[in-house]
Amino acid sequence: MSTATTPHLDVATPERVALTLPVAGIGYRCLAWLVDAALLFFFWIVAYFVFTLLVSDVLGVLRELSGLAQTLLVVGLFATQWLYWTLAEVFFHGQTAGKRLLGIRVVRMDGSPVGLYESAVRNLCRAVDFLPAAYATGCISMLLSRQHRRLGDLLAGTLLVREERIDLDKYTAAPASGVMGSSAVPAGASTRALTPEEVELVLAFLTRAPGLAPEVRQRLGARLVDRVGGLSGEARATVLATPERTESFLRERARAGV
Amino acid sequence: MATPLPAFVSRRRADWDALQGLLGRQRAGALKLEELRTLDTLYRRASADLAHTQTFYPGTDAHRFLNQLCGQAYAAIYQPPRERWPAVRAFFRREFPLTLRRELRFVGASAALFCLGLLLGAAVVLWEPRGAELLVPEGVRQYVAQGRMWTDDILSVAPPNSVASSIATNNLTVTIATFALGMLFGLGTLYMLVNNGVHIGAVTAHCVREGMGPGLFDFTAAHGPVELSIIVIAGGAGLMVGQALIDPGELPRGQALALRGREAVKLVLGCAPFLALIGVVEGYVSPGSLFPTWVKAGLGLSLGAVFWLYLLRAGRTDAALTGALPADSAS
């Protein structure tokens, strides 16, 4: 639950609120890079075949490339190696296609979006981070730095933050149909207010309950009722009679907090 | 005591959803002025809610959600100004030459290192011809032994592993590597500069010894001056980065690095169009005997002169008007 132990970016906004954004780790970055690399590879395959078809000289075409065409080839290669990343990061709010898919984005150290210079620096430095092969330097730098930044990020003053998909529906979900809300909480229940942690715990259980095995569902439900309910023997027995009753009771507890 | 978390969420959620919707549309670039005002208001409310959750519900999903939402809204509201075409024009008319003149001592150091390598390579080969076996690539030596220029094959039908074409297309790699290797405390840039200098010096000396000096001059005259200037400038940028790493001054090392990195990359970006231009010259004009040597030499000299005149003069009057110091970025 705690976000303090994982690497994060602290931002103090002018509104005097401290933002804490989670930092994308090496796994996210590798996956995003793989997606982008696959895209670019695909692009080159298509470009190659289109080119070959146009010249209609299968496989002989590369041998006949003149110096100029080779220059163009290298320029094109650098366009995909460098221009793609930089333009995508500048124009699509710090996200290349792969980063968008993985839900990570490049930001400056103060949380604001990257500009042209930062993006240019961090992408030019791919040449060094790639040394000696397969981003070895970059990976070592990511492992050593506190916020998982590679050398290019260090030079540009940027880092990658992660966007999580958080579902707020669990807070406002309607109780399961068929059980009256009023009868869910028996009279003997104590009126102790739940802490936010307990509310989170109960709600997390409720969202996962339908997918659990029946006996696990029963056991966890019982433990939660014991923790948050404060019920005596008979009321506890009626609440624990069926999973529906248990969960309805828990939902009411979390909802009302009393 | 605060309200229970679910009640708080259901009470405030409408605002958050509205803010999320606006942010999505803002990214698509389809917001009207009133909607922007709403965005601002909603952001401030969400900030207040975030402060509330920080105090009363820390570590919950609602807290994380608000963190993220405010982060996105913050990024949308405090965006850096967009670089548009006028900014590009201003960059080449003023900023790039100004930056170069401000960092001229790094470019000078870079040029000195390069020349040192050049002299070393040439001296070794001139004094001890067998040094060529060490310093000049095998392919080049074979061509020279046959009395041909390796560059003649660029335009011929099937050049197998033509050394020259790889040299010709290597400019980008060399330029980027020369800059980026500055991250290794400047040592990488140092190595690139000296190594390239030694290489070029050795090849030149070898050609001169074998009586092929005119052929080499014929090939390099048109593009050499600008191309070497660009590599030297990129080297200067790399040295700037190295200097920030070794001697960050009063700033923390990370901040100094980011600050110098922004300046250094201006030098590299500014060189990019000239690199492309000189690539065209190298591809079209330099190889073969389409143009006589004196035309190539004249072109090379004038291109180099124009390039350096631009670097040393452009934006000078504007600088006098706005004061010597460049305006810091407004971000």
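In what follows, chains are A, B, ... by sequence order, proteins preceding strands, each numbered from 1. Computed over heavy atoms, backbone and side chain alike; hydrogens, waters and symmetry mates excluded.
Within 6.0 Å of CZ on B/Phe96 lie more than 12 heavy atoms contributed by other residues, nucleotides or ligands. Counting non-hydrogen atoms of other residues, nucleotides and ligands closer than 6.0 Å to CZ of A/Arg208 gives a total of 12 or fewer.
Heavy atoms of B/Gln255 lying under 4.5 Å from chain A are absent altogether. Of the two parts of A/Ala156, only the backbone, made up of N, CA, C and O, holds a non-hydrogen atom closer than 4.5 Å to a non-hydrogen atom of chain B. Interface residue A/Val11: only side-chain heavy atoms are found under 4.5 Å from chain B. B/Arg260 does not touch chain A: none of its heavy atoms, backbone or side chain, sits under 4.5 Å away. Of the atoms belonging to A/Arg105, it is side-chain heavy atoms, and not backbone ones, that fall under 4.5 Å from chain B. Only the backbone of A/Val114 comes within contact range of chain B, judged by heavy atoms closer than 4.5 Å. For a residue to count as touching a neighbouring chain, one of its non-hydrogen atoms must lie under 4.5 Å from one of that chain's; by this rule B/Tyr74 touches chain A with the side chain only. For a residue to count as touching a neighbouring chain, one of its non-hydrogen atoms must lie under 4.5 Å from one of that chain's; by this rule B/Tyr78 touches chain A with backbone and side chain alike.
Between chain A and the residues B/Ala7, B/Ser10, B/Ala62, B/Gly182, the most heavy-atom pairs under 4.5 angstrom are made by B/Ala62. Highest contact tally toward chain B, considering only A/Ala127, A/Gly157, A/Ala120, A/Pro14, is held by A/Pro14 [criterion: heavy-atom pairs under 4.5 Å].
Screening A/Thr13, A/Thr20, A/Leu19 for a side chain to side chain contact (heavy atoms under 4.5 Å, CB included) involving B/Cys70 leaves a single residue, A/Leu19. Of the residues listed (B/Leu69, B/Asp61, B/Leu66), the one engaging A/Ile166 in a side chain to side chain contact (heavy atoms under 4.5 Å, CB included) is B/Asp61, and it is the only one.
In terms of heavy atoms, B/Asn67 sits closest to A/Leu21 at O-CD2, 3.6 Å. B/Ser47 and A/Val17 make their closest contact through O-CG2, 3.5 Å (heavy atoms, listed as atom of the first residue, atom of the second, distance). Contact detail for A/Glu197 and B/Pro58: the closest heavy-atom pair is OE2-O, 4.0 Å. In plain terms, the two heavy atoms of B/Thr60 and A/Glu200 that are nearest each other are CG2-CG, 3.3 Å. Pairing each heavy atom of B/Ala180 with each of A/Cys125, the nearest pair is CB-CA, 4.2 Å.
A distance-only check finds no donor-acceptor pair linking the side chain of A/Glu15 to the backbone of B/Tyr43 [under 3.5 Å].
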Using distance only, find each side-chain donor-acceptor pair of residues 264-279 of chain B under 3.5 Å and give its atom names and separation, not counting sequence neighbours.
| from | atom 1 | to | atom 2 | distance (Å) |
| --- | --- | --- | --- | --- |
| B/Lys266 | NZ | B/Glu95 | OE2 | 2.9 |
| B/Lys266 | NZ | B/Glu263 | OE2 | 3.2 |

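A distance of 5.5 Å separates CD in B/Gln26 from NE2 in A/His93, rounded to the nearest 0.5 Å.
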